[in-house]
Amino acid sequence: MPEKLVIYIPLYFLGLVAGFFYFYHMWKSLVEYGANKKRLMFSMFFRLPFPIVAVLLGSLAGIGGIIAVLLGFTTFQTIFLIKRGTKLKKEVEEEAKQYHQNEEGNLRENSAK
């Protein structure tokens, strides 16, 4: 069993690294290209090989290697989504607060007239 951990732990970290490159590039593409579907699909071809190569390398260690890579990838995905979701939530809350303050200001101006 310990000799398998020597193989699976680096594969787990390989999954983390593949997740980092995949999701970092995905976010960068979304920010850069916005809603341009053609460009987003084209950028997908550049980021898709990261998890595929990681899983292929993990397959050299058998099904346990594939699972280790996928666990690493999923771990990074969860961390990334929580981090980005928290940031987006904060931005939406700040924008809603600013909108509410603008509405109050408009109501005051209209009632003063």
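Since the structure is predicted, the reported quantities are computational estimates derived from the model, not experimental observations.
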Checklist entry - If you take all heavy atoms of His25 and Ser43, which pair is closest and at what distance? => result CE1-O, 3.7 Å
Checklist entry - Roughly how far, to the nearest 0.5 Å, is CG of Leu81 from CZ of Phe76? => result 9.5 Å
Item to check | Separation of Ile63 CD1 from Ile67 CD1 (nearest 0.5 Å) | outcome: 5.0 Å
Checklist entry - Nearest 0.5 Å, what's the NE2-CD distance between His100 and Glu93? => result 14.0 Å
Next on the checklist: According to a hydrophobic-cluster definition based on side-chain heavy atoms being under 4.5 Å apart (Ile, Leu, Val, Met, Phe, Trp, Tyr only), do Val92 and Tyr99 belong together?
Outcome noted: no
Checklist entry - Does Phe21 CZ have over 12 foreign heavy atoms under 6.0 Å away? => result no
Next on the checklist: Just checking Gln98: does its CD atom have more than 12 heavy atoms from other residues, nucleotides or ligands closer to it than 6.0 angstrom?
Outcome noted: no
Checklist entry - Which is it for Thr86 and Lys90 under the side chain to side chain contact (heavy atoms under 4.5 Å, CB included) test, yes or no, and what are the steps along the way? => result CA-CA 6 Å; Thr86 303; Lys90 186 183 286 187; 5.7 Å; no
Item to check | Met26 with Phe45, same ILVMFWY side-chain cluster at under 4.5 Å | outcome: no
Checklist outcome for this item: Between Leu11 and Ala61, the two heavy atoms sitting closest are CD1-CB, 3.8 Å
Checklist entry - Is it the case that one hydrophobic cluster holds both Phe23 and Ile82, taking links as side-chain heavy atoms less than 4.5 Å apart, direct or via other members? => result no
Checklist entry - Rounded to the nearest 0.5 Å, how far apart are CG of Leu70 and CD of Gln77? => result 10.5 Å
Checklist entry - In a check of ring-ring contact (aromatic ring centres under 6.0 Å, His included) between Tyr22 and each of Phe46, Phe50, Phe73, which one passes? => result Phe73
Checklist entry - If we only count heavy atoms from C-beta on, is the Met44 to Ser29 side-chain gap below 4.5 Å? => result no
Next on the checklist: Within this structure, what is the CD1-CG distance for the pair Ile52 and Leu57, rounded to the nearest 0.5 Å?
Outcome noted: 12.0 Å
Checklist entry - Given the rule that I, L, V, M, F, W and Y join up when any side-chain heavy atoms are under 4.5 Å apart, are Val69 and Ile79 in one cluster? => result no
Item to check | Nearest-0.5 Å distance, CZ of residue Arg47 to NZ of residue Lys28 | outcome: 12.0 Å
